[in-house]
Amino acid sequence: MNIAVKQYVLVTERYRYTDRCKTLIYKILNENNITIPFPQRDVHIITDEKQ
């Protein structure tokens, strides 16, 4: 699922507004027990033991 949130804000307000918006979205998702999984990769390194 892809979700896009577009906001138009003054440049001087951008960082404070963006931070507040992310915090609110995170809080609302948590209050409704909605989790967003992230991809995880495992790396296995195989070495040649003859060296």
*Report the residue from Ile25, Leu24, Thr18, Asp19 that forms a side chain to side chain contact (heavy atoms under 4.5 Å, CB included) with Lys22.*
Thr18

*Are the side chains of Leu29 and Lys27 in touch, meaning some heavy atoms are under 4.5 Å apart?*
no

*Not counting sequence neighbours, which residues clear side chain to side chain contact (heavy atoms under 4.5 Å, CB included) with Asn32? List them please.*
Ile28, Ile34

*Ile36 with Val5, same ILVMFWY side-chain cluster at under 4.5 Å*: yes

